[in-house]
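Below: the structure, in C-alpha cells.
Index from 1, following the sequence.
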Amino acid sequence: MTTYDAILPAGGTIDPDFAKEVGTDVKALIKFGDETILERTLRVLKESGQVGRTVVIGGETLRNSEAAKKADVLLPEGKSGPDNILRGLTALLESPNPPDKVLVVTTDLPFLTPQIVNDFIAACPTDKDICVPLVSKSQYQARFPNSTATFVPLKDDVWTTGCIYLMDVKALAGARVHMEKIFANRKSKLGMARLLGPGFLIKFLMKSLTVRDVEQKIQVLLGCSGAAVRNTPPELAYDIDFMDDYEYALTQLKVTA
C-alpha cells in the first residue's frame, strides 16, 4: 500500500464569542469529547495506514499544545494559507526522503475517519497533479440534514468541495505564485473576475458551467492538471467555522463539549 506524507495547515482561528464557548480561539484545538480536532485528525491519518509523516503548521499556542506534539514535524505559521502549506512542503522536500505526492488535510474536519481517507485516495486518478473532493448537495444534505454549507450550482449538479487534497509536490511547488493570487482575491468579486476571465464568468451566470470547465480553469490558473473527484464522502465537506457547525457536530458525534 502506498503511503503519503501529510501537511496539516492549522492556523485557523474563530470569533471571540465562539472561542469563549469552547475555551480556545484556535480552530484545531476545539475539543469533541476528550480529543481536539487536531488530535483526531492525526490519529485518523495514522490509522488509515496510508499516511507516513505528518507536518503541522500553526501559531505559537497550537505548537505548544499537547495535541501538536503528536505530529512528526511542527512549523510556525506564515502569512497566508498557501504559505502555510508550502512551508510544510519545503520541510518535507528538505528531508532525507522527499515525497512525490502529499496529502493536504485541514484541521477542522470532526467526522474524518480512516476509511474516508482511504476511500478518497482510492478515488483519485493517478495521472492528475491535484485531486480535490467534490460532494453534491443532495449527498451532503442526506448525511447532514438541517446543517449549513456553501454550494455552487453548475450545469451538471450543485456542489461543494471537501477539505483534503492529494497533490504532486512538483506541481504544488510550481503553483505557488498562482495559489497566492487566488488566495489574495478570494473575497474580491472584481479580483476573482479578473483571474477567472469573462468567458468563465458568463458561463457560470448562464448556469452552463460544468465540472469539466472548472477542471480546465484550474489547469490554466495553476499550470498543472487537476481532477475534481466526484461522489466523495460528505464528511470531507463538513468543517467547523461557526458555533452552529460545532453544536450540530456535537449532536451527530454524540459527545460532550
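A salt bridge is absent between Glu39 and Arg43; no separation between the charged side-chain nitrogens and carboxylate oxygens falls under 4.0 Å. Ion pairing between a basic and an acidic side chain is recognised when a charged N comes within 4.0 Å of a carboxylate O; Glu60 and Arg63 show no such pairing. A salt bridge links Arg230 with Asp156: at least one charged nitrogen is closer than 4.0 Å to a carboxylate oxygen. For Arg53 and Asp72, the salt-bridge test fails: no basic side-chain N is under 4.0 Å from an acidic carboxylate O. Under a 4.0 Å N-O distance rule, the pair Lys101/Asp168 does not qualify as a salt bridge. The pair Asp241-Lys27 counts as a salt bridge, with a side-chain nitrogen and a carboxylate oxygen less than 4.0 angstrom apart.
In this structure, CD on Gln139 lies 11.5 Å from OG1 on Thr160, to the nearest 0.5 angstrom. The distance from atom CD of Glu21 to atom CG of Asp15, rounded to the nearest 0.5 Å, is 11.0 Å. Taking CG from Asp108 and CG from Asp239, the interatomic distance works out to 4.5 Å, rounded to the nearest 0.5 Å. The CD1 atom of Ile164 sits 8.5 Å away from atom OG1 of Thr106, with the distance rounded to the nearest 0.5 Å. The CD atom of Glu235 lies 9.0 Å from the CG atom of Leu112; values are rounded to the nearest 0.5 Å. Ile30 contributes atom CD1, which lies 9.5 Å from atom OG1 of Thr107 (distance to the nearest 0.5 angstrom).
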Checking side chain to side chain contact (heavy atoms under 4.5 Å, CB included) for the pair Leu8/Leu38: CA distance, chi angles, key distance, verdict?
-> CA-CA 9 Å; Leu8 287 73; Leu38 177 58; 4.2 Å; yes
Step-by-step side chain to side chain contact (heavy atoms under 4.5 Å, CB included) determination, Trp159 to Phe151 | CA-CA 5 Å; Trp159 304 96; Phe151 298 95; over 6 Å; no
Please lay out, stage by stage, how Leu250 and Tyr246 fare under the test side chain to side chain contact (heavy atoms under 4.5 Å, CB included).
-> CA-CA 6 Å; Leu250 281 178; Tyr246 167 71; 3.7 Å; yes
Evaluation steps, side chain to side chain contact (heavy atoms under 4.5 Å, CB included), between Leu109 and Ile37 = CA-CA 7 Å; Leu109 298 173; Ile37 305 181; 5.5 Å; no
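Here the closest heavy-atom approach between residue Val44 and residue Pro114 is recorded as CG1-N, 3.4 Å. For the residue pair Ile240 and Ala249, the shortest heavy atom distance occurs at CD1-CB, 4.1 Å. Nearest approach of Thr3 to Gly52, heavy atoms of both residues: CB-N, 4.4 Å. Closest of all the heavy-atom pairs between Leu45 and Val51 is O-CB, 3.3 Å. When all heavy atoms of Leu86 and Leu172 are compared, the pair lying nearest together is CD2-O, 3.8 Å. Heavy-atom minimum distance, Val229 versus Cys124: CG2-SG, 4.1 Å.
Judged purely by atom type and a 3.5 angstrom limit, Asn118 uses its side chain to pair as donor or acceptor with the backbone of Ser48. A donor-acceptor pair is defined here as one N or O able to donate and one able to accept, closer than 3.5 Å; such a pair exists between the side chain of Thr232 and the backbone of Leu134. Here the side chain of Asp129 pairs no donor or acceptor atom with the backbone of Ala171 at under 3.5 angstrom. For the pair Arg87 (side chain) and Pro76 (backbone), a donor-acceptor distance under 3.5 Å is present. Judged purely by atom type and a 3.5 angstrom limit, Asn64 has no side-chain atom pairing as donor or acceptor with the backbone of Thr61.
Under the 4.5 Å side-chain heavy-atom criterion for ILVMFWY residues, a single connected hydrophobic cluster contains both Ile57 and Val73. Val104 and Leu62 fall into different hydrophobic clusters, where Ile, Leu, Val, Met, Phe, Trp and Tyr side chains are chained together by heavy-atom contacts under 4.5 Å. Hydrophobic clustering (side-chain heavy atoms under 4.5 Å, transitive across Ile, Leu, Val, Met, Phe, Trp, Tyr) groups Val132 together with Val102. By the criterion of side-chain heavy atoms lying less than 4.5 angstrom apart, applied directly or through intervening Ile, Leu, Val, Met, Phe, Trp or Tyr residues, Phe144 is grouped together with Leu253 in one hydrophobic cluster. Residues Met167 and Leu92 share a hydrophobic cluster, clusters being chains of Ile/Leu/Val/Met/Phe/Trp/Tyr side chains in contact below 4.5 Å.
Contact check for Ile121 versus Leu103: side-chain heavy atoms found under the 4.5 Å cut-off. Two residues are said to be in side-chain contact when any heavy atoms from C-beta on lie closer than 4.5 Å; Leu89 and Val169 meet this criterion. The closest side-chain heavy-atom distance from Val105 to Cys163 is not below 4.5 Å. Considering only heavy atoms from C-beta on, Asp5 stays 4.5 Å or farther from Val55 through its side chain. Side-chain atoms of Lys137 and Gln141, non-hydrogen and from C-beta on, do get closer than 4.5 Å to each other. Considering only heavy atoms from C-beta on, Ile130 comes within 4.5 Å of Cys224 through its side chain. Side-chain atoms of Asp25 and Phe18, non-hydrogen and from C-beta on, never get closer than 4.5 Å to each other.
In summary, of the residues considered (Thr161, Ile116, Leu236), a side-chain contact (heavy atoms from CB on, under 4.5 Å) with Pro133 occurs for Leu236 alone. Test Phe32, Tyr140, Tyr238 against Phe111 for ring-ring contact (aromatic ring centres under 6.0 Å, His included) and you get one pass: Tyr238.
Applying the 6.0 Å contact sphere to CG of Asp127 captures more than 12 heavy atoms from other residues, nucleotides or ligands.
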